[in-house]
Protein chains: 2
Amino acid sequence: MLSKDEEKKISSAVIKRLPRYYRYLGELLENDIERISSKELSVRMDVTASQIRQDLNNFGGFGQQGYGYNVEYLYNEISKILGLEKTYNIIIVGAGNLGQALANYIDFEKSGFVVKGLFDVNPKIVGISVRGLEIQDIDNMEMYVKNKHIDIAVLTLPKQKAPKIANDLAEWGIKGIWNFAPTDLQLKDKSVTIENVHLSESLMTLSYRIKDRV
Amino acid sequence: MLSKDEEKKISSAVIKRLPRYYRYLGELLENDIERISSKELSVRMDVTASQIRQDLNNFGGFGQQGYGYNVEYLYNEISKILGLEKTYNIIIVGAGNLGQALANYIDFEKSGFVVKGLFDVNPKIVGISVRGLEIQDIDNMEMYVKNKHIDIAVLTLPKQKAPKIANDLAEWGIKGIWNFAPTDLQLKDKSVTIENVHLSESLMTLSYRIKDRV
DNA sequence: TGAAATTTGACAGATATTTCACAAAAGACT
DNA sequence: AGTCTTTTGTGAAATATCTGTCAAATTTCA
Ligand SMILES: NC(=O)c1ccc[n+]([C@@H]2O[C@H](COP(=O)([O-])OP(=O)(O)OC[C@H]3O[C@@H](n4cnc5c(N)ncnc54)[C@H](O)[C@@H]3O)[C@@H](O)[C@H]2O)c1
Ligand SMILES: NC(=O)c1ccc[n+]([C@@H]2O[C@H](COP(=O)([O-])OP(=O)(O)OC[C@H]3O[C@@H](n4cnc5c(N)ncnc54)[C@H](O)[C@@H]3O)[C@@H](O)[C@H]2O)c1
């Protein structure tokens, strides 16, 4: 058996596709579909059957020849692979437009991401309640993160403030940062995982692809 | 010269990197940095210099041997490539949490994306003003899109409603759809460009990458 | 039960993407 | 002006990713 460090490295292309499989399987499950072949799933998802089988085989043989994949079993396996069987405690840093929108989104909880706190510097909004959570002053954040086992911080604050806050959070033991500020965070502490969401960049690729320009 | 259809196809990997170059160049510009070599940019961006040169060369030789790239010139060229020298008229469909957050985000305008209208079915919020724009009833949308030269629609409504609305919008002449609903839109009309933003999937890849699971 | 149909997992071949390496052009310096 | 240094653009090599194919396992159907 391969030791932890020798385990086959899963390519990030594969990882990025897993949540999509998970979503489609969830829909199949809702529709009481018990099994599915890579062929049929490939039609629904508009990818090749070969890719589906190859992707899944990175993690083990979940299917059965002549039968296909059991939807519920595969759904649960992917859930485990993605780490969704755990619960993650989340805080949102920057309780402005985007921070509040994310805080109000209940579907994250279905996947195990539970918003435990909201923080902001603006005294005008500190104390306001968002989905049952009072926005707290940023000065409380250190104690809060250290005491409440916060796993993930969502950064929805101005890009100038993001690097400092990210570093602090890393020091206080956070595991992951979901960053919406338009900057690429780089931490000394490489044990902290960063996922950048650059919405403006997504919109720009859309504008690139709009043919016969406006 | 190659005709339109024969033009070298730019890979989507390259396209997705362009906005990032654009962002870094914008920052250099703000710092009055006049020129930059691929080598130095590669250090700042943490990619290889070779990749930068290769990417840019898909669109033309913007640099000069022994000198590097002129920041302002390159910034403007990438702006043109991305189609940002134009103004895009945008509407937001579904003026809930996320729709309002996006409507309030002024930075989109700096890149030429101007929010012209907000639409919703909920009579309780129709009429409410968001950044100077009244939320309109969805029934007004057809006339509005047809008369006001709307280029892009942002879909921030429930996933069940998204496919129908997307089809309508396509029929009414929209060019692009920026979809936040957790579903993959597929339109008959292939001339409409769709950019999906699946935030939950982004969060799931973060959870995958968090080592020493919680 | 046995033959036909289905479908996976694996691997090899085909594409795509990234990196390397270097000639040639231009700048910098004396 | 001439030499040395920098740095691009490019083609080729190295990687990475995706697709096609098929034996083997299993199901389906008569
Ligand atoms: N809203 C969008 O649609 C959108 C789109 C793309 C990117 N973003 C990015 O997301 C981030 C948030 O955007 P927004 O629209 O919600 O902005 P916003 O101004 O509505 O909210 C930002 C919040 O951060 C708070 N803040 C400022 N400094 C802070 C600090 N040091 N600690 C804690 N909180 C602090 C502010 O008080 C404010 O409440 C920004 O970086 C923005 O560029 C937003
Ligand atoms: N808020 C988030 O953080 C977040 C994260 C990931 C995905 N999303 C997705 O983005 C979409 C919007 O999320 P939200 O949090 O803003 O939800 P929301 O419920 O706050 O807003 C949705 C809005 O759409 C309106 N609506 C419903 N049917 C409509 C129709 N047929 N035409 C026009 N408007 C209609 C509703 O009245 C509501 O105002 C959803 O699909 C959601 O799954 C949101």
Side-chain angles (χ1 to χ4, degrees), chain A residues 2 6-21 24-25 28 33-78 81 205 208-209, chain B residues 2 6-21 24-25 28 33-78 81 205 208-209:
Chain A
L2 296 168
E6 291 163 330
E7 268 170 29
K8 178 153 46 73
K9 175 85 169 62
I10 307 295
S11 85
S12 88
V14 173
I15 297 166
K16 276 191 277 205
R17 284 193 292 268
L18 289 178
R20 188 157 179 263
Y21 294 132
Y24 275 83
L25 289 164
L28 292 173
I33 294 169
E34 226 172 68
R35 61 146 136 168
I36 188 120
S37 68
S38 60
K39 180 77 193 337
E40 198 192 330
L41 190 55
S42 81
V43 172
R44 291 176 185 251
M45 295 187 65
D46 197 24
V47 295
T48 64
S50 187
Q51 177 161 81
I52 294 173
R53 294 202 299 276
Q54 180 117 309
D55 282 352
L56 297 177
N57 262 84
N58 281 291
F59 305 96
F62 301 132
Q64 193 160 40
Q65 283 135 321
Y67 174 89
Y69 299 87
N70 178 282
V71 172
E72 188 172 2
Y73 174 68
L74 184 56
Y75 180 80
N76 289 329
E77 286 301 311
I78 296 181
I81 293 165
T205 64
Y208 173 88
R209 287 184 290 127
Chain B
L2 296 168
E6 291 162 333
E7 269 168 29
K8 178 151 50 74
K9 175 84 169 59
I10 308 294
S11 85
S12 89
V14 173
I15 297 167
K16 276 191 275 203
R17 283 193 293 268
L18 289 177
R20 188 156 178 263
Y21 294 131
Y24 275 82
L25 289 164
L28 292 172
I33 294 170
E34 224 171 70
R35 61 146 136 166
I36 188 117
S37 68
S38 60
K39 181 75 195 337
E40 200 192 329
L41 190 56
S42 82
V43 173
R44 292 175 183 251
M45 295 187 63
D46 196 24
V47 295
T48 65
S50 184
Q51 178 161 81
I52 293 173
R53 295 203 297 277
Q54 183 104 299
D55 281 353
L56 297 177
N57 261 84
N58 281 293
F59 305 98
F62 302 131
Q64 194 159 41
Q65 281 134 324
Y67 174 88
Y69 298 86
N70 177 283
V71 173
E72 189 172 2
Y73 174 69
L74 184 56
Y75 180 81
N76 288 329
E77 286 301 313
I78 296 183
I81 293 165
T205 64
Y208 174 88
R209 287 184 291 127

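Every chain is numbered from 1 and lettered A, B, ... according to where its sequence line falls, protein lines coming before strand lines. Just so you know, these numbers come straight off a predicted model, no measurement behind them.
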In whole Å, I'd like the distance from the [atom1] atom of [X] to the [atom2] atom of [N].
X	N	atom1	atom2	value
A:D55	D:dA16	CG	C1'	14 Å
A:I52	C:dT6	CD1	C1'	16 Å
B:I15	C:dT18	CD1	P	12 Å
A:L41	C:dG9	CG	C1'	16 Å
B:Q64	C:dA24	CD	P	18 Å
A:N58	D:dA16	CG	C1'	13 Å
B:Q51	D:dA13	CD	C1'	16 Å
A:I36	C:dT6	CD1	P	16 Å

*With sugar-phosphate meaning primed atoms plus P, OP1 and OP2, does A:T48 contact a base, only sugar-phosphate, or nothing at under 4.0 Å between heavy atoms?*
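Since only primed, P, OP1 and OP2 atoms lie under 4.0 Å of A:T48, the category is sugar-phosphate.
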
*Base, sugar-phosphate, or nothing: which does A:S50 touch, judged by heavy atoms less than 4.0 Å apart?*
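Base contact.
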
_Taking A:I15's backbone N and O only, do any of them form a donor-acceptor pair with B:R209's side chain (distance below 3.5 Å, no angle check)?_
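Answer holds: no.
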
*Toward the 5' end of DNA chain D, by each residue's nearest nucleotide, B:G68 or A:V47*: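 Its nucleotide being nearer the 5' end, the pick is B:G68.
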
So if I take every side-chain heavy atom of [X] and compare against [options], which nucleotide ends up nearest?
X	options	value
A:Y69	C:dT17, C:dG9, C:dA25	C:dG9
A:R53	C:dT8, D:dT19, C:dT17	C:dT8
A:A13	D:dT7, D:dT10, D:dC18	D:dC18

_Distance below 4.0 Å between B:N57 side-chain N/O and D:dT10 OP1 or OP2_ =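 True: B:N57 side-chain N/O within range (under 4.0 Å) of D:dT10 OP1/OP2.
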
*Please determine if a side-chain N or O atom of A:S11 lies less than 4.0 Å away from the OP1 or OP2 oxygen of D:dT17.*
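Yes, because at least one side-chain N or O of A:S11 sits under 4.0 Å from OP1 or OP2 of D:dT17.
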
_Taking atom types as they are modelled, would you say the side chain of A:Q54 forms a donor-acceptor pair with the base of C:dC11 within the 3.5 Å cutoff?_
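Between C:dC11 and A:Q54, which were checked side chain against base, a qualifying N/O pair under 3.5 Å is present.
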
*So, does the side chain of A:Q65 form a donor-acceptor pair with the base of C:dT8 at under 3.5 Å?*
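Such a pair exists between side chain and base.
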
*Single hit among A:E40, A:R53, A:Q64 for side chain to side chain contact (heavy atoms under 4.5 Å, CB included) with A:Y69*: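 Testing each of A:E40, A:R53, A:Q64 against A:Y69, the sole residue satisfying side chain to side chain contact (heavy atoms under 4.5 Å, CB included) is A:R53.
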
*Applying side chain to side chain contact (heavy atoms under 4.5 Å, CB included) between A:L74 and each of A:I78, A:V71, A:N70, report the one that passes.*
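Per the side chain to side chain contact (heavy atoms under 4.5 Å, CB included) rule, the option paired with A:L74 is A:I78, out of A:I78, A:V71, A:N70.
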
*Upstream residue (5' side of DNA chain C) when A:G61 and A:G66 are each assigned their closest nucleotide*: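 Counting from the 5' end, the first nearest nucleotide belongs to A:G66.
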
*Out of curiosity, A:R17 CZ to A:L56 CG, how far, rounded to the nearest 0.5 Å?*
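Those atoms lie 10.0 Å apart.
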
*Check whether any side-chain heavy atom of B:D55 lies under 4.5 Å from a side-chain heavy atom of B:I52, and answer yes or no.*
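A side-chain contact under 4.5 Å is absent here.
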
